[in-house]
Amino acid sequence: MPDEAFNKALPKAYDFREVEPHWYKEWTEKGLFVATFDPERPYFSMVIPPPNVTGVLHIGHALNNTLQDILVRYKRMDGYNTLWVPGTDHAGIATQIVVERRLDAEGQSRHDFGREKFIEKVWEWKASSGGKIIEQLKALGCSCDWSRERFTMDKGLSRAVREVFVCLYEEGLIYRGNYIINWCPRCRTALADIEVEHKQTEGRLWYMRYPLAEKSKEITKFITVATTRPETMLGDTAVAVHPEDPRYKDFVGKDLMLPLINRRIPVVADAVVEPEFGTGAVKVTPAHDLNDFEIAKRQGLQSINIFDENAILTEAAGQYAGLDRYEARDQVIADLKKQGLLEKEEAYDLAVGICYRCKTVVEPRLSKQWFVKVAPLAGPALKAVKDKQTILVPASWERTYDEWMTTIRDWCISRQIWWGHRIPAWTCAACGEVIVAREEPEACPKCGNTDLDQESDVLDTWFSSAIWPFSTLGWPDKTPELEIFYPTSVLITSFDILFFWVARMMMMGLHFMGDVPFKHVYLHALIRDIEGKKMSKSKGNVIDPLTIIEKYGTDAVRFTLAAFAAQGRDIKLAEERIDGYRHFVNKIWNAARFVLLNLKTGEEAMAEPPEPDSFSDPSERWILSRLNQVTGNVRKALDEFDFDVAAKELYQFFWHEYCDWYLELAKPALTGAEPDRQDAARWVTLTVLDHTLRLFHPFMPFVTEELWHHLPGQRDHIMVSPFPEPVNAWSDARAEGIIKQVMEVVSSIRNARSELGIHPGAKITVIALPHSEKAYHFLDSQENAIKTLAGVETLDLPREGELRPEDTAAVILEDLEVFIPLEGFVDIKEELQKLTKEEKKLGKELAKTEAKLKNENFLFKAPQEIVQKERDKINKFQIKLKKICSHKETLEGILRS
RNA sequence: GGGCGGGUAGCUCAGUGGGAGAGCAUCGGCCUUACAAGCCGGGGGUCACAGGUUCAAAUCCUGUUCCGCCUACCA
């Protein structure tokens with residue numbers, strides 16, 4: 001009898017809004033996310049890729065953190081000491097921009113406050129509106145150990161940053177120097193190479209004439225150079241040509257007169273010049289082009305800086321001082337034209353560098369910056385991946401990693417902004433000595449002067465991120481956390497920060513901890529919109545995870561993301577897909593509701609699992625056998641980071657095997673009058689539900705936790721219950737074979753019914769004709785199952801040869817036939833057509849198979865089992881064909897009569 | 001310029017040497033007492049194109065083409 005209490009306890013439709021908020025609170029309050037330190041158990045640890053404090057959760061975060069949470073929940077259930085460290089990144093430039101914009105809205109700028117006051121403002125902002133994203137991660141269900149939440153600028157981490165900086169400096173791996181760096185005139189700071197994005201732009205190539213300083217009779221009077229940035233000519237200090245270029249041989253060593261500025265500049269020979277490009281002569285602007293800077297170093301040329309920090313022309317640009325770089329460009333062109341020195345201009349596409357934060361066109365600029373010498377760090381990091389100490393998943397990234405690590409240039413780590421870790425270097429005002437120290441020095445160690453200026457630059461945000469895996473665990477102290485949880489087990493991140501972050505963590509981890517920071521790096525795809533475009537606010541194609549969570553529920557969103565997370569491919573996310581999985585969550589809910597409805601009131605025990613042998617019904621042995629396989633498959637998939645495979649396996653099993661077949665098969669037993677059969681069915685329905693809920697939990701934490709507490713018996717939380725192990729004793733190939741055949745028979749009868757137009761509710765009589773003893777036993781024993789599922793009232797089972805029923809439609813299977821009486825309402829001609837169509841199809845396949853078997857090469861070279869398989873096919877086809885023919889004859893007979 | 005990934009059903013994608021698959025969409029039939037957010041059934045594909053290897057190719061190789069991404073100091 002259905003239990004009314006349960007019926008009331010579980011509403012007919014799942015309402016995630018009711019269920020989700022409750023459980024997260026309870027998990028947190030009970031401290032279930034807090035790391036365990038049991039020395040007996042293996043460990044599993046991860047550090048979160050720290051989102052920006054300014055950030056709001058976007059769909060990429062949702063994917064990233066869902067995958068992390070799936071893993072950590074799986075491992076936690078599986079008995080590991082687990083630690084998932086959460087935190088946020090101070091995101092130097094990004095955060096400073098946010099706060100500056102707010103000030104700007106009030107008509108103020110950071111300079112109105114000064115450095116200290118401004119930084120205070122940022123901290124205030126962080127306290128009031130930063131870290132929103134942490135709350136959003138909680139809504140997503142992330143089971144981070146929140147008691148260990150860190151921030152890249154908190155006290156401990158700042159100390160670690162300083163320690164790392166000082167050590168590297170003392171080892172000579174950090175240096176200061178004058179180099180061409182990428183300068184963002186809007187952010188007014190240097191950028192690292194990878195912080196510059198390249199955008200294909202329609203530009204122009206201008207050809208300008210530089211006359212010879214001393215006119216000579218033998219040679220032409222000028223050299224033409226081509227450039228995409230004519231304004232930089234104001235800072236030219238030479239023109240370079242290829243040493244072998246016959247056109248310019250006579251010019252080398254002579255001086256040209258730089259137009260507009262009237263400065264004498266030499267013509268130099270340098271091998272980097274491509275004679276084929278442009279005119280084969282290149283203007284050299286050492287202060288504003290890396291290539292030119294290198295030439296200048298080789299040729300001993302001077303550098304003239306013509307831009308200030310806002311990309312406004314300086315005094316060095318003479319009459320052009322005070323102009324913006326683009327105004328200057330127009331002016332220079334106009335003036336050259338006037339003097340007849342602009343030979344021509346042509347359209348030219350080029351890739352311009354833009355700031356990855358604010359998209360302003362960057363200006364290469366010569367300036368004094370701090371650098372990390374990367375080569376000595378990159379070597380070990382390269383080797384660690386080659387030696388599989390850290391395994392990249394998917395492995396295809398190894399090549400990219402490799403290439404980047406071998407061509408990497410020194411890392412510019414100083415930024416001319418205020419928000420960040422200030423570089424711990426001081427300069428003595430008296431003697432100029434540079435002091436790098438952990439603590440602020442009181443006096444110059446060289447001359448004793450106390451007038452010291454601290455370096456005003458701060459460190460690149462990625463500098464502190466690079467040490468995140470160990471700084472968050474307490475380094476430089478020797479903590480139990482470091483002892484137990486380093487190296488971390490896996491890092492899950494998006495591939496677009498492989499270089500920004502992962503590679504640098506590898507270098508720093510190896511250098512300071514002497515070990516890799518993580519054993520596995522799983523690089524997941526980027527989520528794109530349905531057209532494959534990157535999601536961005538300006539394009540208006542973003543899917544906001546918070547909105548869809550609101551709409552479909554967290555579990556549905558999480559499951560969707562997991563099901564999409566196939567390795568090595570971008571994810572094109574369409575919202576409709578989430579709706580499908582929302583239905584699935586409801587399906588689970590209702591299956592559970594059904595199981596509970598059929599349990600005895602209250603006391604139904606999960607006591608001792610009976611041996612599968614003791615079940616009389618193959619359907620029960622089958623579903624347990626399948627559960628055993630599925631459990632193994634899910635574990636394997638998760639161990640290999642195949643989240644999509646795990647999700648799909650579970651989906652298929654739960655819906656299309658457990659719900660569609662097993663629960664339907666169990667209905668007669670559950671509602672029947674045989675107590676033993678009823679108990680067995682109850683036990684199996686409940687056991688499979690119990691196991692699958694636990695298998696589902698990492699993907700769908702909320703609905704599983706809720707249902708778990710409705711199951712009978714004393715239950716702790718599902719999130720700390722054991723993750724199911726395969727039960728090999730349940731494996732039962734015979735039962736699987738039987739049920740497979742039941743499915744075949746039932747499907748064919750259903751198919752025939754549908755095509756014959758027999759009303760689904762109509763209970764019909766069918767005649768089943770076995771062609772073997774085995775088939776007879778099968779039909780005899782599975783009569784009830786077939787009747788239940790195919791809507792059959794009476795199943796007549798004659799012995800072979802006893803009967804050849806007339807006036808019937810036939811379902812022809814391998815060693816049995818099922819006849820459905822036509823009873824006048826079926827078009828025999830249509831039935832004949834159907835049979836003819838099937839006959840044709842079979843005939844084709846038969847011919848194909850026969851041809852194969854006539855091919856001696858095939859017989860000789862193909863493996864035995866493949867050949868045998870083909871032979872079996874022939875048999876099968878021939879029997880079926882024969883039966884189809886005979887049935888056609890019968891029908892034709894009826895037509896004639 | 002270099003590198004990587006992809007082109008399979010209307011859409012989104014699995015499948016990586018032996019009889020073309022899933023979800024969604026679509027069409028037809030069902031309110032069968034867990035679920036209409038459901039159930040049952042059907043239709044739909046020269047696996048981008050062209051060569052090659054093989055007894056056998058969606059799968060391996062070569063070329064072509066289209067799409068996407070990353071990378072780059074031809075001014």
Side-chain angles (χ1 to χ4, degrees), chain A residues 2 7 10 12-14 180 193-194 198 205 225-229 232 240 272-274 276-285 289-295 348 350-351 364 396-397 399-400 403-404 407 495-496 498-499 525-526 528 530-534 556 563-564 566 568-574 576-577 579-598 644-645 648 651-652 656 659-660 663-664 667 671 747 750-755 757-761 789-791 845 848-849 852 855-863 865-867 869-870 873:
Chain A
N7 206 351
L10 278 195
K12 200 168 161 177
Y14 173 58
I180 291 278
D193 291 337
I194 51 172
H198 293 269
L205 198 55
V225 295
T227 180
T228 55
R229 297 188 303 153
T232 60
V272 295
V273 180
E274 289 285 344
E276 280 77 37
F277 187 86
T279 61
V282 58
K283 58 191 270 316
V284 180
T285 322
D289 184 284
L290 180 64
N291 215 6
D292 295 358
F293 178 72
E294 300 289 341
I295 295 175
Y348 183 70
L350 74 165
S396 52
W397 286 105
R399 196 180 159 145
T400 315
E403 206 175 296
W404 195 73
T407 58
F495 66 78
D496 54 341
L498 180 62
F499 305 136
L526 236 45
R528 300 175 186 282
I530 201 71
E531 283 164 5
K533 302 239 168 65
K534 221 166 171 170
F564 265 107
R569 189 169 186 151
D570 282 348
I571 300 172
K572 287 187 205 164
L573 188 63
E576 303 87 72
R577 303 304 306 274
D579 200 37
Y581 287 113
R582 179 175 130 254
H583 296 184
F584 181 50
V585 178
N586 190 53
K587 186 77 182 177
I588 297 175
W589 180 264
N590 273 291
R593 188 164 166 263
F594 173 76
V595 170
L596 294 172
L597 235 43
N598 284 289
D644 60 322
V645 174
K648 282 169 190 164
Y651 180 97
Q652 159 68 23
H656 298 306
C659 290
D660 287 354
L663 289 183
E664 293 304 324
K667 277 178 181 172
T671 56
S747 295
R750 282 173 175 171
N751 175 319
R753 286 181 63 129
S754 175
E755 292 196 350
I758 300 171
H759 191 277
L789 294 176
E845 286 194 53
K848 216 168 113 187
T849 312
K852 234 182 200 178
N855 184 339
E856 275 182 31
N857 274 327
F858 173 70
L859 294 176
F860 184 66
K861 288 183 178 166
E865 70 252 34
I866 299 289
V867 176
K869 231 169 123 184
E870 294 296 311
K873 261 156 71 178

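Just so it is clear: chains get the letters A, B, ... in the order the sequence lines come, proteins before strands, and each one is counted from 1. These values consider heavy atoms only, across backbone and side chains, with no hydrogens, waters or symmetry-generated copies.
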Donor-acceptor pair present, Glu664(A) side chain and A34(B) base, under 3.5 Å = yes
query = Rounding to the closest angstrom, what is the interatomic distance between G3(B) and A37(B) at atom C1'?
reply = 46 Å
task = Would you indicate what Pro364(A) reaches in the nucleic acid, counting non-hydrogen atoms under 4.0 angstrom: base, sugar-phosphate, or nothing?
result = nothing
message = Tell me which nucleotide, if any, is Watson-Crick or G-U wobble paired with C73(B) when both distances must be under 3.5 Å.
response = none
message = What I want to find out is whether Lys873(A) reaches Glu870(A) closely enough, with some N-O distance under 4.0 Å, to be called a salt bridge.
response = yes
task = Please work out if Glu870(A) contacts a base, only the sugar-phosphate, or nothing of the nucleic acid, heavy-atom cut-off 4.0 Å.
result = nothing
note = Of Leu859(A) and Ala591(A), the one whose closest nucleotide on RNA chain B sits nearer the 5' end is Ala591(A)
inquiry  = Would you measure the distance from the C1' atom in U16(B) across to the matching atom in G7(B) and give it in whole Å?
reply    = 16 Å
query = Taking the C1' atom of each, how far is A58(B) from A50(B), in whole Å?
reply = 16 Å
inquiry  = Restricting to non-hydrogen atoms, name the atom on Leu663(A) and the atom on Ala591(A) that form the minimum distance, rounded to 0.1 Å.
reply    = CD1-CB, 4.2 Å
ask   = Between atom CZ in Phe564(A) and atom C1' in A22(B), what is the gap in whole Å?
value = 12 Å
request  = Considering non-hydrogen atoms only, spot the tightest contact between His198(A) and Ala351(A) and give its length.
outcome  = CB-CB, 4.3 Å
ask   = Just by modelled atom types, is the Ala563(A) backbone N or O under 3.5 Å from a matching donor or acceptor in the Asp644(A) side chain?
value = no
ask   = How would nucleotides 36-42 of chain B be written as a contact map, 5' to 3', with B for base contact, S for sugar-phosphate-only contact and - for no contact, using protein heavy atoms under 4.0 Å?
value = SBSSSSS
remark   = To the nearest angstrom, the CZ-P distance between Phe858(A) and G19(B) comes to 9 Å
query = Taking the same atom, C1', in A57(B) and in U62(B), what whole-Å distance lies between them?
reply = 15 Å
query = With respect to the phosphate group of A34(B), does any side-chain polar atom (N or O) of Lys667(A) fall under 4.0 Å of OP1 or OP2?
reply = yes
remark   = On a heavy-atom basis, the closest approach of Arg229(A) and Pro364(A) is NH1-CD, 3.6 Å
ask   = For the pair made of CD1 in Ile866(A) and C1' in G17(B), what is the distance, rounded to whole Å?
value = 10 Å
query = Of all the nucleotides listed (G18(B), G29(B), C24(B)), which has the minimum atom distance to the side chain of Tyr651(A)?
reply = C24(B)
key: Pairing partner of C30(B) (Watson-Crick or G-U wobble, both distances under 3.5 Å)   = G38(B)
query = Say you pick atom P in A20(B) and the same atom in G45(B); how far apart are they, in whole Å?
reply = 14 Å
note = To the nearest angstrom, the CZ-P distance between Phe594(A) and U32(B) comes to 15 Å
request  = Would you mind reading off the distance between Gln652(A) atom CD and G15(B) atom P, rounded to a whole angstrom?
outcome  = 16 Å
query = Reckon Lys869(A) touches a base, only the sugar-phosphate, or nothing at all at heavy-atom distances under 4.0 Å?
reply = nothing
query = For C49(B), which nucleotide in any strand shown is its Watson-Crick or wobble partner with both distances under 3.5 Å?
reply = G63(B)
inquiry  = Please find the pair of heavy atoms, one from Leu205(A) and one from Ala226(A), that lie closest to each other, and give the distance.
reply    = CG-CB, 4.1 Å
ask   = Taking atom C1' in both A22(B) and A9(B), what distance in whole Å separates the two?
value = 11 Å
task = Sort out the partner of A9(B) for me: Watson-Crick or G-U wobble, both distances under 3.5 Å, none otherwise.
result = none
inquiry  = For Glu664(A), give me all partners under salt bridge (Lys or Arg N to Asp or Glu O under 4.0 Å), at least two apart in sequence or on another chain.
reply    = Lys667(A)
message = Between P on U12(B) and NZ on Lys648(A), what's the gap in Å once rounded to a whole number?
response = 14 Å
ask   = Arg753(A) near the nucleic acid: base, sugar-phosphate alone, or nothing, with a heavy-atom cut-off under 4.0 Å?
value = nothing
request  = Write down the distance between CG (Leu596(A)) and C1' (U33(B)), rounded to a whole number of angstrom.
outcome  = 17 Å
query = Any sub-3.5 Å donor-acceptor pair from Asn590(A)'s side-chain atoms to Asn586(A)'s backbone N or O?
reply = yes
message = Can you tell me how the ring of Tyr651(A) sits relative to the ring of Tyr581(A), calling it parallel under 30°, perpendicular over 60° and tilted otherwise?
response = perpendicular
task = Provide the closest heavy-atom pair for Thr279(A) versus Val225(A) in the form atom of the first, atom of the second, distance.
result = OG1-CA, 3.7 Å
message = Checking base pairs now: Watson-Crick or wobble, both atom distances under 3.5 Å. What partners C4(B)?
response = G68(B)
key: Working for side chain to side chain contact (heavy atoms under 4.5 Å, CB included), residues Thr232(A) and Lys283(A)   = CA-CA 9 Å; Thr232(A) 60; Lys283(A) 58 191 270 316; 2.7 Å; yes
key: Atom-pair distance (CZ on Phe860(A); P on A56(B)), nearest Å   = 15 Å
inquiry  = Please report the distance separating the P of G42(B) from the corresponding atom of C61(B), rounded so that it comes out in whole Å.
reply    = 38 Å
message = Distance check, C1' atoms only: A48(B) and C66(B), in whole angstrom units.
response = 8 Å
inquiry  = Please give me the minimum heavy-atom distance between Ala592(A) and Leu10(A), naming the atom from each residue.
reply    = C-CD1, 4.3 Å
Polar atom pairs (N or O), protein with nucleotides 71-75 of chain B, under 3.5 Å:
unit_1, atom_1, unit_2, atom_2, d
C73(B), OP1, Arg409(A), NH1, 3.1
C73(B), O2, Asn291(A), OD1, 2.6
C73(B), O2, Asn291(A), ND2, 3.1
A75(B), OP2, Tyr348(A), OH, 2.7
A75(B), O2', Ala226(A), O, 3.2
A75(B), N6, Glu274(A), O, 2.6
A75(B), N6, Phe277(A), O, 2.9
A75(B), N1, Glu274(A), N, 3.3

